[in-house]
Amino acid sequence: MNKVKKTADTGDTEFDIVVVGAGAGGMAAALTASIEGRSVLLLEKSDRIGGCAAISGGAVWAPLNSQSAAAGHPDTFDKVWTYMQNTVAAAAPVSMQRAYLNASGDMVAYFDKNTDVKLIARTYSPDYYPDREGAALGGRSLDPAMFDGRLLGKHFAELRDPLPEFMVLRGMMITMTDAKHLLSVTRSFKSWYEGMKLVLRFAGDRLRGYHRGTRLVLGNALAARLFKSILDRKIDYWLNSPLEQLQRTAGRVTGVTVLRDGRAVFVKARLGVVVATGGFPWSDSLRSELYPKPSGAWSMAPTDNRGEGIHIARQAGAVMGTGHASAAFWAPISIMKRADGSELSYPHLVWERAKPGLMAVNAAGLRFVNEASSYHAFVLGMYASHKTVPTMPAYLVCDHDFMERWGLGLALPGGRPREHLLRAGYLYKAATLADLAVSLGIDSKGLQASAARFDSFAASGRDEDFGKGSTAYNRYLGDADHAPNVCLGHLRQGPFYAVKVYAGDIGTACGIACNENAQALDVNGQPIAGLYMAGNDMQSVMGGEYPAPGITLGPALTFGWLAARHAAQSSD
């Protein structure tokens with residue numbers, strides 16, 4: 001392995017490869033560079049490791065992985081390519097789509113062999129458009145195996161905490177399966193047993209002094225597994241070290257200037273720099289330039305992700321990609337304003353929207369979308385509706401029975417306290433739909449008519465307007481015990497509840513244009529020597545479309561891997 005060197009005259013440091021950003025793409029690049037025998041430095045702007053990955057659902061879409069057949073879904077390149085053409089199509093360059101499909105399965109195998117990153121293919125997890133040719137019902141999306149955070153030792157405190165919405169009891173992480181068990185502890189011995197195991201493990205963690213539970217799942221498990229592998233390989237990493245500038249010599253990126261301990265430090269990168277700082281969801285200027293209107297600072301991504309990586313890459317001659325279908329990966333979010341003026345956001349991803357009895361309406365009180373569609377498609381429906389009827393915000397509406405069974409956003413089910421949410425203006429409650437409409441400021445007759453029609457669909461089992469429950473993906477997220485349609489339920493039992501949802505995002509889709517090796521491209525479409533992009537700093541290989549679960553983390557890991565392999569194999 002190449003040795004880390006100190007520059008003689010300045011005391012600054014020299015590595016083969018410098019990686020900027022400690023999310024999934026950055027850690028994948030750093031690990032790959034190390035495995036390939038190169039010295040590497042990982043830089044992170046914040047005081048925590050994990051980036052967007054640590055607060056995500058953790059799914060990784062990696063078609064043609066070696067586990068697909070064993071998961072019951074044998075796949076072929078032609079099949080998945082057909083699906084890409086029926087979803088992404090011209091929104092991203094064909095060469096990039098092919099590069100991703102050719103590499104994603106190999107990436108999974110590489111990390112499985114060389115690191116502690118263990119991914120498990122889902123036996124049933126439909127692509128988001130299962131009715132389109134080439135779609136699969138499982139095998140393509142993988143989840144990180146559960147991870148014991150205690151294995152990080154003292155470094156556990158350096159791992160970014162998950163979103164509060166992925167935890168209960170103020171610190172215990174849960175999956176959808178865990179949540180179903182916890183809601184059924186009084187109805188099933190198996191659920192009681194599984195629930196008790198979770199609670200006892202969590203109680204033990206807190207008694208041992210951990211600030212949260214150490215049973216890590218979802219994206220936090222992925223980030224932890226990447227971080228554990230970084231530690232195992234003794235890769236140098238600097239926290240609280242934001243990128244200030246890329247250094248270029250004779251047209252080649254040769255290093256970075258980073259702010260560390262209050263001073264600018266130059267770090268030479270003999271073979272290349274990989275920039276993976278998480279995109280620009282909190283950059284006012286880039287959102288204004290690229291997001292549709294109306295939009296706001298409604299992102300679930302870390303607030304550190306302000307687009308510096310993209311901005312600095314552009315200063316070095318890189319250009320933004322074009323032709324994308326969407327500027328971001330969308331998700332409806334509800335927002336509670338706290339007494340101190342701060343805000344708590346809740347992403348309505350996969351828990352309650354597909355369940356029987358939830359209806360979404362616009363300001364006219366009219367439905368405008370299949371509530372069980374993907375979070376990305378739901379927000380696209382908001383934008384489409386807003387062209388004719390105000391739909392920013394939109395409103396999720398349910399009745400008493402639904403609330404007690406499933407909850408609504410931050411309002412928990414099972415009779416749990418909700419008065420604080422009502423006082424904060426987050427949750428709306430009324431004895432009748434007419435009164436609920438008045439409190440929301442939307443059309444009362446429209447809401448009542450929509451609810452009556454929606455209620456009739458629950459009886460027949462067929463949504464004649466938007467097809468809720470008509471696809472395998474819809475049904476995957478519904479209530480398997482509910483008939484005749486797992487996604488359609490009655491909306492008739494007062495009191496009634498609602499929350500407002502906004503066009504939020506879980507990350508950006510626009511980024512620096514790159515080639516198949518993740519090299520940043522200049523205005524002439526030529527690669528900039530020594531400069532690579534990964535994660536949301538790279539123009540999305542999905543072009544802002546959202547074909548399946550895990551289409552952000554899959555490309556982040558894959559192109560981080562490709563970038564570092566290409567840089568490691570180059571000559572200085």
Query raised in the report: Quick one: does Arg215's side chain have a donor or acceptor within less than 3.5 Å of a partner on Met172's backbone?
Result: no

Worksheet item: With the threshold set at 4.0 Å, does a side-chain nitrogen-carboxylate oxygen contact exist between Arg405 and Asp399?
Response: no

### Message
Tell me if a side-chain donor or acceptor on Arg475 pairs with a main-chain N or O of Gly469 at a distance below 3.5 Å.
### Response
yes

Looking just at side-chain N and O atoms, do Thr391 and Ser385 make a donor-acceptor pair shorter than 3.5 Å?
-> yes

Check whether Asp435 reaches the backbone of Ala430 with its side chain - one donor and one acceptor, N or O, closer than 3.5 Å. no

task = Could you check Ser68 against Asp75 for side chain to side chain donor-acceptor pair (under 3.5 Å), going step by step and ending with a plain yes or no?
result = CA-CA 7 Å; Ser68 294; Asp75 212 352; 5.1 Å; no

Do Lys468 and Arg462 come close enough that some side-chain heavy atom pair is under 4.5 Å?
no

(message) For a 4.5 angstrom cut-off between non-hydrogen side-chain atoms, does Met300 reach Asp505?
(response) no

Q) Do side-chain atoms of Asp127 reach the backbone of Tyr129 as a donor and acceptor pair under 3.5 angstrom? A) no

task: May I ask you to check whether Phe368 and Phe378 place their ring centers less than 6.0 Å from one another?
output: yes

- Spell out, as yes or no, whether a donor-acceptor pair under 3.5 Å connects the side chain of His482 to the backbone of Leu488. yes

side-chain contact (heavy atoms from CB on, under 4.5 Å) with Asp537: of Thr508, Ile310, Asn305, only one passes, and it is Ile310

Problem set entry | Note, Ser470 side chain near Asp463 side chain (heavy atom, < 4.5 Å) | no

Test your reading of the model: is there a side-chain donor-acceptor pair from Ser283 to the backbone of Phe280, 3.5 Å cut-off? no

query: Can you find a side-chain donor-acceptor pair between Ser285 and Glu289 that sits under 3.5 Å?
result: no

- Quick one: are the ring centres of Trp330 and Tyr502 less than 6.0 Å apart? no

Beyond-backbone contact of Tyr124 with Leu137, side-chain heavy atoms, under 4.5 angstrom
yes

| With side chains defined as the heavy atoms from C-beta onward, is the minimum distance between Pro294 and His386 less than 4.5 Å? | yes

- prompt: With side chains defined as the heavy atoms from C-beta onward, is the minimum distance between Met84 and Leu101 less than 4.5 Å?
  reply: yes

Review point. Please walk me through it: do Arg132 and Glu545 pass salt bridge (charged side-chain N to carboxylate O under 4.0 Å, His left out)?
Key: CA-CA 14 Å; Arg132 299 186 187 181; Glu545 297 286 2; over 6 Å; no

message = Between Arg212 and Asn220, do the side chains contain a donor N or O and an acceptor N or O under 3.5 Å apart?
response = yes

So SG of Cys510 and CE of Met538: to nearest 0.5 Å the spacing works out to 14.0 Å

Worksheet item: If we only count heavy atoms from C-beta on, is the Lys180 to Asp178 side-chain gap below 4.5 Å?
Response: no

task = For Gln539 and Ala513, indicate whether the former's side chain and the latter's backbone hold a donor-acceptor pair under 3.5 Å.
result = no

With heavy-atom distances below 4.5 Å as the criterion, would you say the side chains of Val88 and Met542 are in contact? yes

- Side chain of Asn474, backbone of Ala372: donor and acceptor closer than 3.5 Å? yes

Closest heavy-atom pair, Leu553 versus Ala53, reported as atoms and distance to 0.1 Å, is CD2-CB, 3.8 Å

On a heavy-atom basis, the closest approach of Pro347 and Ser345 is CD-O, 4.0 Å

### Message
When you measure from the side chain of Trp282 to the backbone of Ala301, do you find a donor-acceptor pair of N or O atoms at a distance under 3.5 Å?
### Response
yes

Separation between CZ (Arg122) and CG (Leu142), nearest 0.5 Å, reads 8.5 Å

So, the side chain of Arg287 versus the backbone of Pro281: is there a donor-acceptor pair under 3.5 Å, distance only?
yes

Query raised in the report: When you check the gap from the basic side-chain N to the acidic O, do Arg48 and Asp161 get nearer than 4.0 Å?
Result: yes

Is the ring centre of Tyr546 less than 6.0 Å from the ring centre of Tyr128?
yes

* **Salt bridge flag under 4.0 Å for residues Lys355 and Asp479** => no

- Task: Show your reasoning for whether side chain to side chain donor-acceptor pair (under 3.5 Å) applies to Asp78 and Thr76.
- Result: CA-CA 5 Å; Asp78 288 343; Thr76 66; 5.6 Å; no

